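Notes follow once the structure below has been shown.
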Amino acid sequence: AAQERPYIPLISKGFQHQFWQAVKAGADKAAAEFNVEVTFEGPDNETQVDRQIDMLAAALAKKPAAIGFAALDSQAAIPLLRQARSAGIPVVAFDSGVESDIPVATASTDNIAAAALAADKMAELIGGSGKVALVVHDQTSRTGIDRRDGFVNRIREAHPDIQIVAVEYGGGDHLRSTEITKTLLQANPDLKGIFGANEGSAVGVVNGVREMKANVVIVGYDSGRAQTDAIRSGLMAGAITQNPVGIGYETVKAALAASRGETVEAKIDTGFYWYDAKNIDDPEISAVLYD
Amino acid sequence: MADLIRMEGIDKRFPGVHALKGVNFDLRPGEVHALMGENGAGKSTLMKCLSGVYVPDGGRILVEGREALLTSPRAAQDLGIGIIHQELALMRDLTVAQNIWIGREPRLSFGRLDEKRLNEETAALFRSMKAPMDPRALVGRLTIARQQMVEIAKALSHRSRALIMDEPTAALNDAEIADLFAIIRQLKAEGVGIVYISHKMDEIKRIADRVTVMRDGAWVGTVAAAETPISKIISMMVGREISDERPPAPDLSRAETALEVRGISRRPDLRDVSFSLKKGEILGFAGLMGAGRTEVARAIFGADPRDSGEILVQGRPVEIRSPKDAVAAGIGYLSEDRKQFGLALGMDVRANVAMTSLSRHADRLGRIDEGALARIARDYIRTLSIRTPSDLQEARLLSGGNQQKVVIAKWLLRDCEVLIFDEPTRGVDVGAKAEIYRLLEELAAAGKAIIVISSELPEILRLSHRIAVMCEGRLTGFLPGGASQEEIMALAIRRESAQATG
Amino acid sequence: MPNPSTETRTLISGAAQQKLLAFASLIALLIGFSLASPNFMQTTNMMSILQATSVNGVLAVAATLVIITGGIDLSVGTLMTFCAVMTGVVLTWGGVPLPLGVLAALGTGALVGLASGTFVAKMKIPPFIATLGVMLILKGLSLIVTGGRPIYFNDTPGFTEISQGSLVGKILPALPLPNGVLILFLVAGAASYILARTVLGRYCFALGSNEEAVRLSGVNVDRWKMAIYALAGAICGVAGLLIASRLNSAQPALGQGYELDAIAAVVIGGTSLAGGRGTILGTLIGALIISVLTNGLRILSVAPEWQTVITGAIIIVAVYADQLRRGGTR
Amino acid sequence: MPNPSTETRTLISGAAQQKLLAFASLIALLIGFSLASPNFMQTTNMMSILQATSVNGVLAVAATLVIITGGIDLSVGTLMTFCAVMTGVVLTWGGVPLPLGVLAALGTGALVGLASGTFVAKMKIPPFIATLGVMLILKGLSLIVTGGRPIYFNDTPGFTEISQGSLVGKILPALPLPNGVLILFLVAGAASYILARTVLGRYCFALGSNEEAVRLSGVNVDRWKMAIYALAGAICGVAGLLIASRLNSAQPALGQGYELDAIAAVVIGGTSLAGGRGTILGTLIGALIISVLTNGLRILSVAPEWQTVITGAIIIVAVYADQLRRGGTR
Ligand SMILES: Nc1ncnc2c1ncn2[C@@H]1O[C@H](COP(=O)(O)OP(=O)(O)OP(=O)(O)O)[C@@H](O)[C@H]1O
Ligand SMILES: Nc1ncnc2c1ncn2[C@@H]1O[C@H](COP(=O)(O)OP(=O)(O)OP(=O)(O)O)[C@@H](O)[C@H]1O
Ligand SMILES: [Mg+2]
Ligand SMILES: [Mg+2]
């Protein structure tokens, strides 16, 4: 009786953070819409590559119709992905891609391009010159690297008068990111802007700037109540948002189609958007924001 | 005869204590040299200097005429100096054999252990000591007396030329002491020099050739054991005469019953133990090692669970499931193992004395009245002559006998109606012993009921108004206070044929 | 026999000396960083360091109590979060007044602490396992209660004041000490007092020193142990308030890993994991050493991976220096 | 006096009974999950569980050795990673043959372990602090050496075989036991043997039981302690090989947090954090209990936040059950 509905497990990079909760919400939405059973899990943090592999193995043991997978490290998962292919279980990659030809589709955000947009906005807001710093969530995860490099490289290439004085890592922990921001401001009194590379980092930056009563341009990433509030109040200049709900939704949708043998589009770009006080209430933007 | 060991002008200071003040000591091959002194006189410290545990601050040590640098226990061992420490230094999670041979395990190739040989050699060792012991028993499960036997065996296994015995008999009873003395005589005959420390004065006459007395960390004198009367040695130790007069036994015929124990059993250690105790009475418990006296006390006190039996205090049955119930019912128990069960060694003397009675010296908010506790602690330090730089000294830094006095103080302070003292004078010097006897008699006179468990028959005979004798977990009989040693021994070995199967 | 009164004084000054020297490690760090960067020794930065110490400091105080009894508490971090969440639930969802929210945090902490204490004392589960289990349970519960989303305190005016306002600053404008730091000092002061002057504190040390001897002294060991864990839990509740107030939200995913920082502060501060000895002052200094190190290395713009390496090395060196001065005992 | 030989017999059978019963907790879990889901008790899933246990199991064996001495090792996780990185450096960048890569992992582990051992034994730094410092240093060093990027072993054919191949499967096709699991069993067997039958093992227990007594017995305590930490380090090197082989890469950021799982396995397995007692078999069972729980709850599709809650609860219950059977001692 349990096998009536197709079962699609999503193995993500995490589940505790708000971003992943939003992806999960999108997946659940699709699950209800298409009458499939969806589970969603991921390791505690984005370093635990082997834990994610164990999750993938357990998911395969449940003989699912298809699998959604956000790889922490593509290569490490390849033996299991091959196992999935030989068992006829289609895999849909989400969030960042899987460097392999096994996934039938990839629903992701182009983090490098998104961070480059953040860099352009930052440059514009600080007038094209001055010191900026980054508070990034992780030094080794794909999203951390892409957003850092996307931002840093864009500044180097397109805005030579802007100097990047520091890149610090706060694990996406709000409190640690707050303390980092305060020391950044302390060490660089002439800092003009800070980029927070995910929700926890961005909120930490907002807190730190508020506690130091500093006057700097904050550019964030992702959404969440604290960020949208900060943007409305003018403390944060603006942020990049992805479409996590869309990512979750499209992943399940594509996985279901693939499990039925339908062909699916190989690259599903769920897009990213710049939002600030001006456009935050546009329907197009508010649809991709989450609290 | 050439000296085996000569210690000259040894000096040792600890923070706040000048423990040794230029002490001289020498040991000849084939002699037993007794080292005497009050608790805290510095005996153990001197011997720790000789065995490489402490490095003296001043003075020098000659071994067979050559100056020796004893910087580690290993260095001393290599020079043929062995020691039985006063405070047992055993690894509780290891077996008897493993403890004895630690550091010298019989090995096969590649660091593999020859466990079979280890156990065989241990068994042989105990056979030669005439003390049956299972080499594979975990040391942590042994009674303190048996642990002491392990320490002795360990020291003997070293085949040292000089053997230091720091209160080896404190935990032993007469039969075992006799066995130990036989071993000592044999070692003597083999030319081993033995330093012997004890507070049991009668042993000096039995075993020692010479006696050195220390007082307050200083050398007082060295005398020949045979020619010197005990009273002279005592006065050298304490600097005065001790009078130990026994008050006449009170008439208890009309005294109320304080404690009644009915049919306590705990298989296989205790079988149907029943007795009663009157207010003002001192009941002595005698028996051989392992007779179950400690077990009785622990069962009454709720420290161990019991299978059956009732306990009545002042005629009312009381439910005792843990020590706190017992203390609430007015029963106190001083354990025979002060280090394991008696003291918080890392805490100061004042806190240890207060341990049983903390709530009585605190207000409703739980704030402790430190002033009162300090006064009380200092009072006991004075009355029990506890040698400590202050009431804030950590208990672990006290000498063994002084630690024992701290444990006694904590139970005296609690003021229980029924007090069970298990080996109360273990390691306590003659002067303090007399003082403790006097205190117990005063408590009895004030109407407290007291049980004294002791392996020293003279102590039992000296204190008891009545004597209970145990053998193999059963009470085998009661004797009046004036009984003879022979009568006690007869009961102590009265085994039940049906249960003597082993 | 030496004169007791002289002895006592030597003893006290000996202990004081020890603390002073652990303090000296901290001072050395402060001086070093001041010389290395002009941005370091400034009022705002000192306040930042103190503020950064507040949460970890409070958690470390809680951990100190438990560690002195010879136990360990791995749940301090997630308990902090769970308390923050419960405050959010009653304040934001329940709409009760602020003092009740504060009470919710402390009460939740005390109750959970009592549960851990019961596992340890009554069920004889080793503290490591009992609090590991509680840590996992709370981690899950925080997510379940909140649905994985933070609870914001936007509707509770004054909530951020708990940690970020400055009562001291109002009185002494030159010293803008954040309330969070004031609370840390108050908690530390209270814990110090309890440890030094009350029956509860005395039993903390006694249990850590020789639990069996305490039991055989007729003390209700289980009850006191439970009380100590409950007190530690309530202190975690304070930490929950502080972090919630600082982030103006209860972040359900935060907290794991904080226990290691807290325990590190305790041990750097000279408290023995074997139990029986320790001071709150030492713990505070330990927590400050960690904060100063973290802050100073960042101010010097040391690369993050080198920050980690240097922090590790300095922790070892600091404790070694401390050890040398104590003369190698314990 | 009771007959000595009877005493011994009770003791041994008592100990055996104990292990059997801890094992029973594991069996109960296996049966429970089998009944709850048909997907659970299948060869591939059992192999997944074993494979998932291999890394944590090996780390837990290393931690067991140190814990029996009365110490603790917080660096096992990051040391594993550092060893994996060093293997990557010599194999991929240095291009040396595979056996030398294996040697690099073991050697690095042993050297770092020796360093920790030196801090603990010679410098008298509490094990918690010494290994915390080493943990941080290694965490940073792994990132520095690799530049934060994984090192892939694509150029080393056969490297993935270390963990993922199946020697056993070649001989017995019905039992496709991955080599990683085989290695875990070999390491555990060797460690068991060392503990039970060699001088080194004897001193592990002796040090944990009463270090001072060992010193008084004239044993060179420091040297043996350093040897034990070095051995534990080398075993972490094995874990480094296993994880690198499993992931076909050395992931420089991985490892922190793994120490908690390893220590949890040790303690669930009945080893006392106070030192002096413990078994490798218990540790293996502890590690398996964790893996089976994690896998089983996943197979049952329990929501991840509830997985955490249930895992916490079951760990407490399992240890409590074990405790009850032992009759509440310790
Ligand atoms: N490590 C130490 N630190 C401080 N004081 C110490 C230390 N060791 C011993 N002492 C003190 O030195 C003195 C001598 O102690 P020692 O143990 O040598 O006495 P003792 O003669 O063996 O007494 P006892 O008969 O009670 O065993 C005592 O006052 C004791 O408190
Ligand atoms: N040979 C032995 N090996 C191990 N345990 C023994 C041995 N002999 C006796 N015991 C244990 O000793 C306990 C009884 O000793 P207990 O200490 O109660 O007696 P006691 O009369 O107080 O003797 P002691 O003089 O040792 O204090 C029992 O638990 C018994 O199992
Ligand atoms: Mg002595
Ligand atoms: Mg006894």
Side-chain angles (χ1 to χ4, degrees), chain C residues 70 72 74-75 78 119 123-130 132-145 147-148 252 256-257 259-260 263-264 266-268 270 272-275 303-320 322-324 326 328-330, chain D residues 70 72 74-75 78 119 123-130 132-145 147-148 252 256-257 259-260 263-264 266-268 270 272-275 303-320 322-324 326 328-330:
Chain C
I72 190 134
L74 297 180
S75 66
T78 51
F119 296 151
M123 291 162 64
K124 311 282 177 234
I125 298 172
F128 186 92
I129 293 291
L132 176 75
V134 169
M135 166 181 119
L136 292 173
I137 293 175
L138 294 175
K139 182 178 159 190
L141 281 185
S142 293
L143 289 169
I144 292 167
V145 169
Q256 203 182 356
E259 69 282 350
L260 202 63
I263 299 173
V266 176
V267 185
I268 292 172
S272 158
L273 279 181
E305 49 272 32
W306 279 108
Q307 284 180 23
T308 334
V309 174
I310 296 172
T311 306
I314 292 188
I315 286 178
I316 293 181
V317 171
V319 173
Y320 179 53
D322 200 32
Q323 207 60 258
L324 273 187
R326 289 192 218 182
T329 47
R330 276 230 189 177
Chain D
I72 191 133
L74 297 180
S75 67
T78 50
F119 296 151
M123 292 163 62
K124 311 283 176 234
I125 298 172
F128 187 93
I129 293 292
L132 176 75
V134 170
M135 167 181 118
L136 291 173
I137 293 174
L138 294 176
K139 184 179 158 188
L141 282 184
S142 293
L143 289 170
I144 291 167
V145 170
Q256 203 182 356
E259 69 283 348
L260 202 64
I263 300 172
V266 176
V267 184
I268 293 173
S272 158
L273 280 180
E305 50 271 37
W306 280 107
Q307 283 181 23
T308 338
V309 174
I310 296 172
T311 305
I314 292 189
I315 285 177
I316 293 181
V317 170
V319 173
Y320 179 53
D322 201 32
Q323 206 60 259
L324 272 187
R326 291 194 218 181
T329 46
R330 271 231 186 178

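Remember, predicted model here, so these are calculated numbers, not experimental data. Chain identifiers are assigned alphabetically (A, B, ...) following the order of the sequence lines, protein sequences preceding nucleic acid strands; residue numbering begins at 1 within each chain. All values below come from the heavy atoms of this structure, side chains included, with hydrogens, waters and symmetry mates left out.
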Heavy-atom cut-off 4.5 Å, strictly under: side chain, backbone, both or neither for A130(C) against chain D?
backbone

Checking heavy atoms, do the side chain of I263(C), its backbone, both or neither come under 4.5 Å from chain D?
both

Region of [X] that comes under 4.5 Å of a non-hydrogen atom in chain C:
X: I310(D); value: neither
X: I129(D); value: both
X: L132(D); value: side chain

Once side chain to side chain contact (heavy atoms under 4.5 Å, CB included) is applied, do any residues pair with L136(C), and if so which ones, sequence neighbours excluded?
T308(D), T311(D), I315(D)

Are side-chain heavy atoms of F119(C) and V319(D) found at a separation under 4.5 Å?
no

If you define the side chain from C-beta out and look only at heavy atoms, does anything of F128(C) sit under 4.5 Å from L260(D)?
yes

Which of [options] touches chain D most, by non-hydrogen pairs under 4.5 Å:
options: I125(C), V317(C), I144(C); value: I144(C)
options: I137(C), L273(C), I314(C), L138(C); value: I137(C)
options: L143(C), V267(C), L74(C); value: V267(C)

Determine which pairs satisfy salt bridge (charged side-chain N to carboxylate O under 4.0 Å, His left out) with at least one residue from residues 310-320 of chain D, sequence neighbours left out, and list them in order.
none

Minimum heavy-atom separation for V134(C) and S75(C), please, with both atom names.
CG1-CB, 3.9 Å

Go through A313(D), G140(D), A303(D) and name the one with the most non-hydrogen pairs under 4.5 angstrom from chain C.
G140(D)

Do Q307(D) side-chain atoms and E305(D) backbone N/O form a donor-acceptor pair below 3.5 Å?
no

From CE (M135(D)) to CD (E259(D)), nearest 0.5 Å
5.5 Å

